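Down below is the structure, laid out as C-alpha coordinates.
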Amino acid sequence: MDKIFYVLAALTLITAFMVVISRHPIRSVLFLVATFFLISAQYILLNAQFLALVNIIVYAGAIMVLFLFVIMFLNLSRDLERFSSWMPIAAAGISIGGIGLLLLSAFRVAQTNVEYTGNPEAGLVEQIGEVLYRDFLFPMEVCSVLFLVAMIGIVLLNRKERELPSKIPLS
Amino acid sequence: MSELTFKIIFIVAVFGISLFVAMYTTYAERKLAAFLQDRLGPNRAGPFGILQPLADGVKLFFKEEFIPRVSDRLLFIAGPAIFMCTALMTSAVIPFAPDLEINGTTYAMQAADLNVGILYLFGVVSLGVYGILVGGWASNNKFSLLGAIRAASQNISYELAMGLSIVSLVMVSSSLSLRDIVDQQSGWAWNILYQPLGFLIFIVCAFAETNRAPFDLPECETELIGGYHTEFSSMKLGLYLFAEYIHVFISSAVLASLYFGGYQFPFVSDLDPGPVKTLLGGLVMFAKTGFFIFLFIWIRWTLPRFRYDQLMNLGWKVLIPLAVLNVLITALFILF
(Lines give C-alpha, C1' and ligand atoms only; values in the text may rest on other atoms or scores of the structure.)
Protein backbone atom coordinates (compact mmCIF):
# COMPACT_ATOMS: atom_id res chain seq x y z
CA MET A 1 0.00 0.00 0.00
CA ASP A 2 2.80 2.37 0.90
CA LYS A 3 4.49 1.91 -2.46
CA ILE A 4 1.24 2.58 -4.31
CA PHE A 5 0.78 5.71 -2.26
CA TYR A 6 4.23 7.05 -3.12
CA VAL A 7 3.80 6.31 -6.83
CA LEU A 8 0.39 7.99 -6.84
CA ALA A 9 1.67 10.96 -4.85
CA ALA A 10 4.57 11.44 -7.25
CA LEU A 11 2.27 11.24 -10.27
CA THR A 12 -0.17 13.66 -8.65
CA LEU A 13 2.57 16.19 -8.08
CA ILE A 14 3.91 15.77 -11.63
CA THR A 15 0.51 16.28 -13.23
CA ALA A 16 -0.21 19.22 -10.93
CA PHE A 17 3.08 20.81 -12.02
CA MET A 18 2.22 20.15 -15.64
CA VAL A 19 -1.00 22.12 -15.12
CA VAL A 20 1.10 25.16 -14.34
CA ILE A 21 3.92 24.52 -16.81
CA SER A 22 1.85 23.64 -19.92
CA ARG A 23 1.96 26.31 -22.59
CA HIS A 24 -1.53 25.63 -23.76
CA PRO A 25 -4.59 26.12 -21.50
CA ILE A 26 -6.41 23.10 -22.96
CA ARG A 27 -3.54 20.84 -21.96
CA SER A 28 -3.52 22.48 -18.54
CA VAL A 29 -7.17 21.57 -18.09
CA LEU A 30 -6.55 17.99 -19.19
CA PHE A 31 -3.64 17.67 -16.76
CA LEU A 32 -5.90 19.02 -14.03
CA VAL A 33 -8.41 16.29 -14.88
CA ALA A 34 -5.61 13.74 -14.55
CA THR A 35 -4.73 15.26 -11.17
CA PHE A 36 -8.30 14.82 -9.98
CA PHE A 37 -8.18 11.20 -11.10
CA LEU A 38 -5.04 10.56 -9.12
CA ILE A 39 -6.54 12.21 -6.05
CA SER A 40 -9.56 9.92 -6.46
CA ALA A 41 -7.17 6.98 -6.54
CA GLN A 42 -5.81 8.18 -3.20
CA TYR A 43 -9.35 8.21 -1.82
CA ILE A 44 -9.80 4.62 -2.95
CA LEU A 45 -6.59 3.69 -1.13
CA LEU A 46 -8.17 5.19 1.98
CA ASN A 47 -11.27 2.99 1.48
CA ALA A 48 -13.43 5.98 0.57
CA GLN A 49 -15.02 4.81 -2.68
CA PHE A 50 -17.93 7.18 -2.37
CA LEU A 51 -15.73 10.25 -2.02
CA ALA A 52 -13.53 9.04 -4.87
CA LEU A 53 -16.43 8.71 -7.28
CA VAL A 54 -18.12 11.92 -6.21
CA ASN A 55 -14.80 13.68 -6.73
CA ILE A 56 -14.66 12.32 -10.28
CA ILE A 57 -18.31 13.10 -11.06
CA VAL A 58 -18.27 16.63 -9.69
CA TYR A 59 -14.78 17.82 -10.57
CA ALA A 60 -13.63 15.75 -13.54
CA GLY A 61 -17.08 15.14 -14.96
CA ALA A 62 -18.80 18.49 -14.52
CA ILE A 63 -16.62 21.41 -13.49
CA MET A 64 -13.64 20.65 -15.72
CA VAL A 65 -15.92 20.03 -18.71
CA LEU A 66 -17.26 23.54 -18.21
CA PHE A 67 -13.69 24.87 -17.97
CA LEU A 68 -12.78 23.12 -21.20
CA PHE A 69 -15.92 24.49 -22.77
CA VAL A 70 -15.10 28.09 -21.93
CA ILE A 71 -11.43 27.80 -22.91
CA MET A 72 -12.35 26.30 -26.27
CA PHE A 73 -14.54 29.29 -27.00
CA LEU A 74 -11.85 31.75 -25.96
CA ASN A 75 -9.68 30.96 -29.02
CA LEU A 76 -6.33 30.95 -27.27
CA SER A 77 -4.49 29.03 -29.99
CA ARG A 78 -1.89 31.72 -30.63
CA ASP A 79 1.01 32.23 -28.27
CA LEU A 80 0.06 33.98 -25.10
CA GLU A 81 1.64 37.33 -24.52
CA ARG A 82 4.63 37.47 -22.25
CA PHE A 83 4.41 39.08 -18.88
CA SER A 84 4.89 42.75 -19.47
CA SER A 85 4.01 44.39 -16.20
CA TRP A 86 5.46 43.68 -12.78
CA MET A 87 2.04 43.11 -11.20
CA PRO A 88 1.54 39.42 -12.02
CA ILE A 89 5.11 38.61 -11.07
CA ALA A 90 4.69 40.37 -7.74
CA ALA A 91 1.39 38.60 -7.13
CA ALA A 92 2.95 35.23 -7.93
CA GLY A 93 5.88 35.99 -5.62
CA ILE A 94 3.63 36.97 -2.75
CA SER A 95 1.42 33.89 -3.11
CA ILE A 96 4.35 31.49 -3.40
CA GLY A 97 5.96 33.12 -0.37
CA GLY A 98 2.73 32.87 1.59
CA ILE A 99 2.21 29.21 0.74
CA GLY A 100 5.86 28.47 1.53
CA LEU A 101 5.52 30.15 4.91
CA LEU A 102 2.35 28.17 5.60
CA LEU A 103 4.04 24.90 4.66
CA LEU A 104 7.08 25.69 6.77
CA SER A 105 5.04 26.48 9.83
CA ALA A 106 2.92 23.37 9.30
CA PHE A 107 5.99 21.15 8.99
CA ARG A 108 7.59 22.68 12.07
CA VAL A 109 4.80 21.46 14.34
CA ALA A 110 3.82 18.40 12.30
CA GLN A 111 4.19 15.01 13.96
CA THR A 112 5.26 12.08 11.82
CA ASN A 113 4.49 8.42 12.52
CA VAL A 114 1.05 9.07 13.96
CA GLU A 115 -1.14 5.99 14.26
CA TYR A 116 -4.46 6.53 12.53
CA THR A 117 -7.21 5.87 15.03
CA GLY A 118 -10.31 7.09 13.20
CA ASN A 119 -13.00 4.95 11.64
CA PRO A 120 -11.50 3.18 8.60
CA GLU A 121 -14.93 3.10 6.97
CA ALA A 122 -15.50 6.83 7.32
CA GLY A 123 -15.54 7.33 3.56
CA LEU A 124 -18.31 4.87 2.74
CA VAL A 125 -21.79 5.97 1.76
CA GLU A 126 -23.52 5.01 5.01
CA GLN A 127 -21.07 6.85 7.26
CA ILE A 128 -21.09 9.99 5.12
CA GLY A 129 -24.87 9.92 4.94
CA GLU A 130 -25.14 9.67 8.70
CA VAL A 131 -22.68 12.48 9.27
CA LEU A 132 -24.29 14.77 6.71
CA TYR A 133 -27.93 14.08 7.41
CA ARG A 134 -27.88 13.51 11.16
CA ASP A 135 -24.95 15.25 12.83
CA PHE A 136 -24.62 18.20 10.47
CA LEU A 137 -28.10 18.41 9.01
CA PHE A 138 -28.64 22.10 9.62
CA PRO A 139 -25.30 23.40 8.24
CA MET A 140 -25.76 21.11 5.27
CA GLU A 141 -29.21 22.51 4.46
CA VAL A 142 -27.93 26.04 4.91
CA CYS A 143 -25.16 25.23 2.41
CA SER A 144 -27.63 23.97 -0.13
CA VAL A 145 -29.72 27.13 0.23
CA LEU A 146 -26.53 29.12 -0.25
CA PHE A 147 -25.79 27.26 -3.48
CA LEU A 148 -29.32 27.86 -4.70
CA VAL A 149 -29.01 31.57 -3.97
CA ALA A 150 -25.70 31.71 -5.85
CA MET A 151 -27.24 29.94 -8.81
CA ILE A 152 -30.26 32.22 -8.96
CA GLY A 153 -27.94 35.20 -8.63
CA ILE A 154 -25.91 34.08 -11.62
CA VAL A 155 -29.00 33.52 -13.74
CA LEU A 156 -30.25 36.97 -12.76
CA LEU A 157 -26.91 38.63 -13.54
CA ASN A 158 -26.76 37.03 -16.95
CA ARG A 159 -30.21 38.04 -18.02
CA LYS A 160 -30.24 40.54 -20.82
CA GLU A 161 -31.00 44.08 -19.83
CA ARG A 162 -34.17 44.38 -21.90
CA GLU A 163 -35.69 41.31 -20.32
CA LEU A 164 -35.73 42.92 -16.90
CA PRO A 165 -39.10 44.32 -15.96
CA SER A 166 -38.69 47.82 -17.29
CA LYS A 167 -42.23 49.07 -17.01
CA ILE A 168 -42.90 48.91 -13.34
CA PRO A 169 -45.91 51.13 -12.79
CA LEU A 170 -44.96 53.97 -10.50
CA SER A 171 -47.03 54.74 -7.45
CA MET B 1 -9.17 -21.83 -10.39
CA SER B 2 -8.20 -18.96 -8.19
CA GLU B 3 -10.27 -15.83 -7.75
CA LEU B 4 -7.80 -13.71 -9.69
CA THR B 5 -7.55 -16.03 -12.69
CA PHE B 6 -11.32 -16.16 -12.88
CA LYS B 7 -11.60 -12.37 -12.71
CA ILE B 8 -9.07 -11.95 -15.49
CA ILE B 9 -10.85 -14.48 -17.70
CA PHE B 10 -14.18 -12.86 -16.92
CA ILE B 11 -12.99 -9.34 -17.69
CA VAL B 12 -11.47 -10.45 -20.99
CA ALA B 13 -14.73 -12.26 -21.79
CA VAL B 14 -16.83 -9.17 -21.04
CA PHE B 15 -14.47 -7.10 -23.17
CA GLY B 16 -14.84 -9.57 -26.03
CA ILE B 17 -18.60 -9.79 -25.66
CA SER B 18 -18.96 -6.00 -25.64
CA LEU B 19 -16.98 -5.73 -28.86
CA PHE B 20 -18.81 -8.64 -30.45
CA VAL B 21 -22.26 -7.33 -29.54
CA ALA B 22 -21.33 -3.85 -30.72
CA MET B 23 -20.05 -5.33 -33.99
CA TYR B 24 -23.28 -7.15 -34.64
CA THR B 25 -25.33 -4.18 -33.52
CA THR B 26 -23.97 -2.35 -36.56
CA TYR B 27 -25.18 -5.26 -38.69
CA ALA B 28 -28.56 -5.31 -36.95
CA GLU B 29 -28.85 -1.58 -37.43
CA ARG B 30 -28.25 -1.80 -41.15
CA LYS B 31 -30.56 -4.77 -41.60
CA LEU B 32 -33.36 -3.22 -39.56
CA ALA B 33 -32.96 0.13 -41.27
CA ALA B 34 -33.21 -1.68 -44.59
CA PHE B 35 -36.31 -3.51 -43.43
CA LEU B 36 -37.95 -0.31 -42.18
CA GLN B 37 -37.16 1.48 -45.45
CA ASP B 38 -38.16 -1.45 -47.64
CA ARG B 39 -34.63 -2.23 -48.83
CA LEU B 40 -32.49 -5.36 -48.65
CA GLY B 41 -29.54 -4.08 -46.63
CA PRO B 42 -26.10 -5.70 -46.67
CA ASN B 43 -26.36 -9.16 -48.23
CA ARG B 44 -23.08 -9.73 -50.10
CA ALA B 45 -20.53 -10.80 -47.48
CA GLY B 46 -21.45 -14.29 -46.33
CA PRO B 47 -24.96 -15.70 -46.05
CA PHE B 48 -27.44 -12.85 -45.36
CA GLY B 49 -24.42 -10.57 -45.19
CA ILE B 50 -23.46 -11.67 -41.69
CA LEU B 51 -19.77 -11.12 -42.41
CA GLN B 52 -20.43 -7.47 -43.26
CA PRO B 53 -19.16 -6.10 -39.87
CA LEU B 54 -15.87 -7.95 -40.41
CA ALA B 55 -15.56 -6.51 -43.88
CA ASP B 56 -16.27 -3.02 -42.50
CA GLY B 57 -13.65 -3.47 -39.80
CA VAL B 58 -11.00 -4.65 -42.24
CA LYS B 59 -11.82 -1.77 -44.55
CA LEU B 60 -11.47 0.77 -41.74
CA PHE B 61 -8.12 -0.68 -40.69
CA PHE B 62 -6.68 -0.49 -44.17
CA LYS B 63 -7.88 3.01 -45.00
CA GLU B 64 -5.34 5.78 -45.19
CA GLU B 65 -4.53 7.35 -41.88
CA PHE B 66 -4.77 11.12 -42.16
CA ILE B 67 -3.91 13.64 -39.48
CA PRO B 68 -4.47 17.29 -40.44
CA ARG B 69 -1.25 19.29 -40.25
CA VAL B 70 -2.82 22.12 -38.25
CA SER B 71 -4.24 19.80 -35.63
CA ASP B 72 -2.90 19.12 -32.16
CA ARG B 73 -1.37 15.72 -32.96
CA LEU B 74 -1.25 14.25 -29.49
CA LEU B 75 -4.78 15.22 -28.52
CA PHE B 76 -6.02 14.24 -31.98
CA ILE B 77 -4.88 10.70 -31.28
CA ALA B 78 -5.99 10.81 -27.64
CA GLY B 79 -9.59 11.80 -28.47
CA PRO B 80 -10.84 8.53 -29.99
CA ALA B 81 -8.79 6.53 -27.48
CA ILE B 82 -10.42 8.27 -24.51
CA PHE B 83 -13.86 7.85 -26.05
CA MET B 84 -13.37 4.12 -26.61
CA CYS B 85 -11.86 3.53 -23.16
CA THR B 86 -14.69 5.28 -21.33
CA ALA B 87 -17.22 3.34 -23.41
CA LEU B 88 -15.61 0.02 -22.45
CA MET B 89 -15.05 0.91 -18.79
CA THR B 90 -18.76 1.09 -17.98
CA SER B 91 -19.26 -2.66 -18.29
CA ALA B 92 -17.17 -3.28 -15.16
CA VAL B 93 -20.03 -2.97 -12.68
CA ILE B 94 -22.83 -4.66 -14.61
CA PRO B 95 -23.86 -8.03 -13.17
CA PHE B 96 -24.36 -10.23 -16.22
CA ALA B 97 -25.61 -13.42 -14.55
CA PRO B 98 -26.35 -14.92 -11.11
CA ASP B 99 -23.42 -16.21 -9.07
CA LEU B 100 -21.91 -19.47 -10.27
CA GLU B 101 -21.25 -22.05 -7.55
CA ILE B 102 -18.91 -24.91 -8.39
CA ASN B 103 -17.52 -27.20 -5.66
CA GLY B 104 -18.37 -24.71 -2.97
CA THR B 105 -16.59 -21.77 -4.54
CA THR B 106 -18.69 -18.84 -5.68
CA TYR B 107 -17.79 -17.00 -8.82
CA ALA B 108 -19.47 -13.62 -9.24
CA MET B 109 -20.52 -12.88 -12.81
CA GLN B 110 -19.54 -9.26 -12.42
CA ALA B 111 -16.14 -7.68 -12.89
CA ALA B 112 -16.35 -5.56 -9.73
CA ASP B 113 -19.13 -5.41 -7.18
CA LEU B 114 -18.62 -1.82 -6.10
CA ASN B 115 -20.84 -0.63 -3.29
CA VAL B 116 -21.23 2.60 -5.26
CA GLY B 117 -21.71 0.94 -8.64
CA ILE B 118 -24.32 3.41 -9.89
CA LEU B 119 -22.07 6.34 -9.10
CA TYR B 120 -19.25 4.60 -10.96
CA LEU B 121 -21.46 4.24 -14.02
CA PHE B 122 -22.46 7.85 -13.75
CA GLY B 123 -18.88 9.02 -13.35
CA VAL B 124 -17.61 7.09 -16.34
CA VAL B 125 -20.50 8.27 -18.50
CA SER B 126 -19.75 11.87 -17.59
CA LEU B 127 -16.13 11.32 -18.65
CA GLY B 128 -17.22 10.21 -22.13
CA VAL B 129 -17.60 13.87 -23.03
CA TYR B 130 -13.82 14.33 -22.91
CA GLY B 131 -13.27 12.01 -25.85
CA ILE B 132 -15.60 14.09 -27.98
CA LEU B 133 -14.44 17.49 -26.73
CA VAL B 134 -10.74 16.68 -27.05
CA GLY B 135 -11.09 15.09 -30.47
CA GLY B 136 -13.32 17.85 -31.79
CA TRP B 137 -11.10 20.61 -30.52
CA ALA B 138 -7.84 19.00 -31.63
CA SER B 139 -9.14 18.74 -35.21
CA ASN B 140 -8.85 22.52 -35.47
CA ASN B 141 -11.94 22.66 -37.63
CA LYS B 142 -14.90 24.85 -36.80
CA PHE B 143 -17.43 22.20 -37.72
CA SER B 144 -15.72 19.66 -35.50
CA LEU B 145 -15.58 22.17 -32.66
CA LEU B 146 -19.27 23.00 -33.06
CA GLY B 147 -20.15 19.33 -33.06
CA ALA B 148 -18.04 18.75 -29.96
CA ILE B 149 -19.58 21.71 -28.15
CA ARG B 150 -23.04 20.51 -29.05
CA ALA B 151 -22.27 17.01 -27.82
CA ALA B 152 -20.82 18.31 -24.57
CA SER B 153 -23.70 20.64 -23.79
CA GLN B 154 -26.19 17.92 -24.65
CA ASN B 155 -24.47 15.42 -22.39
CA ILE B 156 -24.19 17.88 -19.51
CA SER B 157 -27.86 18.83 -19.79
CA TYR B 158 -29.17 15.29 -19.90
CA GLU B 159 -26.86 13.99 -17.21
CA LEU B 160 -28.75 16.09 -14.67
CA ALA B 161 -32.14 14.57 -15.46
CA MET B 162 -30.55 11.14 -15.63
CA GLY B 163 -28.95 11.61 -12.22
CA LEU B 164 -32.25 12.72 -10.72
CA SER B 165 -34.10 9.73 -12.14
CA ILE B 166 -31.43 7.48 -10.66
CA VAL B 167 -31.84 9.27 -7.31
CA SER B 168 -35.46 8.16 -7.09
CA LEU B 169 -34.47 4.63 -8.10
CA VAL B 170 -31.86 4.59 -5.35
CA MET B 171 -34.49 5.83 -2.89
CA VAL B 172 -36.68 2.84 -3.76
CA SER B 173 -33.95 0.24 -3.56
CA SER B 174 -31.86 2.00 -0.85
CA SER B 175 -28.60 0.73 -2.31
CA LEU B 176 -26.02 2.06 -4.73
CA SER B 177 -24.72 -1.35 -5.73
CA LEU B 178 -26.01 -2.69 -9.02
CA ARG B 179 -25.93 -6.24 -7.73
CA ASP B 180 -28.19 -5.38 -4.78
CA ILE B 181 -30.58 -3.55 -7.06
CA VAL B 182 -30.82 -6.54 -9.41
CA ASP B 183 -31.16 -9.00 -6.55
CA GLN B 184 -34.07 -7.03 -5.10
CA GLN B 185 -36.03 -7.44 -8.31
CA SER B 186 -36.40 -11.22 -8.13
CA GLY B 187 -39.52 -12.67 -9.69
CA TRP B 188 -41.76 -9.95 -11.07
CA ALA B 189 -40.74 -7.18 -8.69
CA TRP B 190 -39.17 -5.19 -11.48
CA ASN B 191 -38.31 -1.59 -10.77
CA ILE B 192 -40.26 -0.36 -13.78
CA LEU B 193 -43.44 -1.15 -11.84
CA TYR B 194 -42.35 1.20 -9.04
CA GLN B 195 -40.61 3.79 -11.19
CA PRO B 196 -42.46 4.12 -14.52
CA LEU B 197 -41.80 7.85 -14.81
CA GLY B 198 -38.20 7.43 -13.74
CA PHE B 199 -37.73 4.78 -16.41
CA LEU B 200 -39.16 7.05 -19.08
CA ILE B 201 -36.83 9.89 -18.08
CA PHE B 202 -33.88 7.53 -17.89
CA ILE B 203 -34.42 6.04 -21.33
CA VAL B 204 -34.82 9.46 -22.97
CA CYS B 205 -31.60 10.56 -21.29
CA ALA B 206 -29.88 7.35 -22.37
CA PHE B 207 -30.76 8.16 -25.97
CA ALA B 208 -29.35 11.65 -25.55
CA GLU B 209 -26.19 10.44 -23.79
CA THR B 210 -25.39 7.97 -26.56
CA ASN B 211 -25.84 10.78 -29.13
CA ARG B 212 -28.27 8.71 -31.11
CA ALA B 213 -31.30 9.75 -33.10
CA PRO B 214 -33.58 11.54 -32.36
CA PHE B 215 -30.84 13.34 -30.40
CA ASP B 216 -27.96 12.94 -32.86
CA LEU B 217 -27.40 16.69 -33.19
CA PRO B 218 -23.62 16.43 -32.57
CA GLU B 219 -23.14 14.55 -35.83
CA CYS B 220 -25.86 16.21 -37.82
CA GLU B 221 -24.60 15.91 -41.40
CA THR B 222 -26.90 18.53 -42.88
CA GLU B 223 -25.49 21.32 -40.72
CA LEU B 224 -22.12 20.12 -39.53
CA ILE B 225 -20.81 17.87 -42.35
CA GLY B 226 -20.03 15.12 -39.88
CA GLY B 227 -19.82 16.70 -36.45
CA TYR B 228 -16.97 16.16 -34.04
CA HIS B 229 -15.41 13.37 -36.13
CA THR B 230 -15.31 15.27 -39.44
CA GLU B 231 -11.51 15.27 -39.60
CA PHE B 232 -11.01 11.69 -38.48
CA SER B 233 -10.25 8.92 -40.89
CA SER B 234 -9.43 5.23 -40.86
CA MET B 235 -9.71 3.40 -37.55
CA LYS B 236 -9.89 6.63 -35.52
CA LEU B 237 -13.24 7.32 -37.12
CA GLY B 238 -13.98 3.65 -36.64
CA LEU B 239 -13.34 3.95 -32.90
CA TYR B 240 -15.73 6.90 -32.61
CA LEU B 241 -18.47 5.12 -34.53
CA PHE B 242 -17.84 1.82 -32.82
CA ALA B 243 -17.80 3.32 -29.32
CA GLU B 244 -21.30 4.60 -29.99
CA TYR B 245 -22.48 1.03 -30.47
CA ILE B 246 -20.72 -0.06 -27.30
CA HIS B 247 -22.56 2.76 -25.55
CA VAL B 248 -25.80 1.41 -26.96
CA PHE B 249 -25.00 -2.07 -25.67
CA ILE B 250 -23.99 -0.87 -22.22
CA SER B 251 -26.96 1.48 -21.93
CA SER B 252 -29.26 -1.38 -22.85
CA ALA B 253 -27.62 -3.61 -20.25
CA VAL B 254 -27.94 -0.87 -17.63
CA LEU B 255 -31.59 -0.26 -18.52
CA ALA B 256 -32.26 -3.99 -18.29
CA SER B 257 -30.56 -4.35 -14.93
CA LEU B 258 -31.86 -1.16 -13.31
CA TYR B 259 -35.50 -1.33 -14.38
CA PHE B 260 -36.20 -4.77 -15.84
CA GLY B 261 -34.70 -7.09 -13.28
CA GLY B 262 -31.41 -7.85 -15.05
CA TYR B 263 -30.81 -11.58 -14.94
CA GLN B 264 -33.92 -12.17 -12.81
CA PHE B 265 -36.80 -14.02 -14.39
CA PRO B 266 -40.02 -15.47 -12.92
CA PHE B 267 -39.50 -18.60 -10.78
CA VAL B 268 -35.77 -17.91 -10.64
CA SER B 269 -35.77 -18.55 -6.89
CA ASP B 270 -36.92 -22.15 -7.44
CA LEU B 271 -33.65 -23.02 -9.12
CA ASP B 272 -30.56 -24.08 -7.19
CA PRO B 273 -27.53 -21.89 -7.71
CA GLY B 274 -25.41 -23.68 -10.27
CA PRO B 275 -24.37 -23.65 -13.91
CA VAL B 276 -27.98 -24.00 -15.14
CA LYS B 277 -29.18 -20.99 -13.19
CA THR B 278 -26.19 -18.91 -14.24
CA LEU B 279 -26.63 -19.85 -17.88
CA LEU B 280 -30.38 -19.18 -17.87
CA GLY B 281 -29.90 -15.91 -16.00
CA GLY B 282 -27.23 -14.82 -18.44
CA LEU B 283 -29.43 -15.67 -21.40
CA VAL B 284 -32.35 -13.73 -19.89
CA MET B 285 -30.07 -10.76 -19.28
CA PHE B 286 -28.87 -10.81 -22.87
CA ALA B 287 -32.42 -11.21 -24.18
CA LYS B 288 -33.50 -8.11 -22.26
CA THR B 289 -30.41 -6.23 -23.42
CA GLY B 290 -31.13 -7.32 -26.98
CA PHE B 291 -34.64 -5.98 -26.72
CA PHE B 292 -33.34 -2.56 -25.69
CA ILE B 293 -30.76 -2.57 -28.48
CA PHE B 294 -33.63 -3.27 -30.85
CA LEU B 295 -35.56 -0.38 -29.32
CA PHE B 296 -32.59 1.95 -29.85
CA ILE B 297 -32.41 1.00 -33.52
CA TRP B 298 -36.16 1.04 -34.01
CA ILE B 299 -36.48 4.58 -32.63
CA ARG B 300 -33.51 5.81 -34.64
CA TRP B 301 -35.12 4.82 -37.90
CA THR B 302 -38.61 5.96 -36.94
CA LEU B 303 -38.28 9.43 -35.45
CA PRO B 304 -36.87 12.53 -37.13
CA ARG B 305 -34.11 14.59 -35.53
CA PHE B 306 -34.93 17.27 -32.99
CA ARG B 307 -33.98 20.89 -33.49
CA TYR B 308 -31.29 22.10 -31.12
CA ASP B 309 -33.52 24.46 -29.14
CA GLN B 310 -36.13 21.72 -28.83
CA LEU B 311 -33.46 19.42 -27.46
CA MET B 312 -32.37 21.94 -24.85
CA ASN B 313 -35.96 22.80 -23.91
CA LEU B 314 -36.80 19.15 -23.49
CA GLY B 315 -33.77 18.59 -21.31
CA TRP B 316 -34.00 21.60 -19.04
CA LYS B 317 -37.67 22.54 -18.99
CA VAL B 318 -39.39 19.18 -19.23
CA LEU B 319 -37.17 16.34 -18.08
CA ILE B 320 -35.52 18.00 -15.08
CA PRO B 321 -38.80 19.27 -13.53
CA LEU B 322 -40.37 15.88 -14.22
CA ALA B 323 -37.44 14.13 -12.58
CA VAL B 324 -37.69 16.40 -9.52
CA LEU B 325 -41.41 15.67 -9.37
CA ASN B 326 -40.62 11.97 -9.57
CA VAL B 327 -38.20 12.28 -6.66
CA LEU B 328 -40.87 14.06 -4.62
CA ILE B 329 -43.56 11.48 -5.42
CA THR B 330 -41.18 8.65 -4.57
CA ALA B 331 -40.28 10.35 -1.28
CA LEU B 332 -43.97 10.73 -0.41
CA PHE B 333 -44.64 7.05 -1.19
CA ILE B 334 -41.73 5.98 0.97
CA LEU B 335 -42.85 8.23 3.84
CA PHE B 336 -46.49 7.11 3.91
Side-chain angles (χ1 to χ4, degrees), chain A residues 18 22-37 39-41 43-44 47-78 121-130 133 144 147-148 151 155, chain B residues 70-72 74-76 78-79 82 86 89 93 112-140 142 144-157 159-160 162-163 166 170 174-177 180 209 228 316:
Chain A
M18 291 306 288
S22 292
R23 298 285 288 270
H24 205 283
I26 297 266
R27 294 211 172 165
S28 289
V29 170
L30 293 175
F31 274 117
L32 197 52
V33 174
T35 314
F36 284 131
F37 261 90
I39 291 172
S40 277
Y43 279 133
I44 289 173
N47 199 21
Q49 290 100 328
F50 179 73
L51 282 183
L53 281 165
V54 167
N55 185 39
I56 286 183
I57 292 174
V58 173
Y59 285 97
I63 294 179
M64 294 324 288
V65 172
L66 290 181
F67 265 55
L68 209 58
F69 221 75
V70 172
I71 290 174
M72 279 179 182
F73 273 127
L74 283 182
N75 192 20
L76 290 168
S77 47
R78 63 207 134 69
E121 298 197 326
L124 297 184
V125 193
E126 292 84 2
Q127 273 71 21
I128 288 179
E130 270 173 16
Y133 289 96
S144 58
F147 273 118
L148 192 68
M151 222 160 70
V155 171
Chain B
V70 287
S71 67
D72 188 324
L74 189 68
L75 293 183
F76 191 79
I82 298 173
T86 48
M89 268 162 68
V93 289
D113 183 16
L114 288 185
N115 57 5
V116 282
I118 288 193
L119 287 181
Y120 171 84
L121 264 183
F122 203 65
V124 175
V125 166
S126 64
L127 291 176
V129 187
Y130 282 106
I132 295 177
L133 268 180
V134 166
W137 179 81
S139 311
N140 211 350
K142 65 182 86 157
S144 299
L145 183 63
L146 276 177
I149 297 283
R150 273 191 179 188
S153 40
Q154 174 176 330
N155 283 23
I156 294 170
S157 316
E159 254 165 35
L160 290 171
M162 190 182 229
I166 290 179
V170 170
S174 64
S175 170
L176 285 170
S177 150
D180 287 354
E209 291 284 320
Y228 54 88
W316 289 98

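Remember, predicted model here, so these are calculated numbers, not experimental data. Lettering of chains follows the sequences in order, A, B, ..., and the numbering in each one begins at 1.
The shortest side-chain heavy-atom distance between B:Leu75 and A:Leu30 falls under the 4.5 Å cut-off.
Separating the CZ atom in A:Phe50 from the CG atom in B:Asn115 is a distance of 10.0 Å, to the nearest 0.5 Å. Rounding to the nearest 0.5 angstrom, the gap separating the CG atom in B:Leu133 from the CD1 atom in A:Ile71 is 11.5 Å.
The greatest number of non-hydrogen atom pairs below 4.5 Å with chain A, out of B:Val129, B:Ile156, B:Ile149, B:Val125, is found for B:Ile149.
Of the two parts of B:Leu176, only the side chain, counted from C-beta on, holds a non-hydrogen atom closer than 4.5 Å to a non-hydrogen atom of chain A.
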Quiz item: Does the side-chain contact (heavy atoms from CB on, under 4.5 Å) test come out yes or no for B:Leu127 and A:Phe37, once each step is laid out?
Solution: CA-CA 11 Å; B:Leu127 291 176; A:Phe37 261 90; 3.0 Å; yes
Using distance only, find each side-chain donor-acceptor pair of residues 53-68 of chain A under 3.5 Å and give its atom names and separation, not counting sequence neighbours.
unit_1	atom_1	unit_2	atom_2	d
A:Asn55	ND2	A:Phe36	O	3.4
A:Asn55	ND2	A:Ser40	OG	3.0

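Applying the ring-ring contact (aromatic ring centres under 6.0 Å, His included) rule to A:Tyr43 yields no partners; only residues at least two apart in sequence or on another chain are considered.
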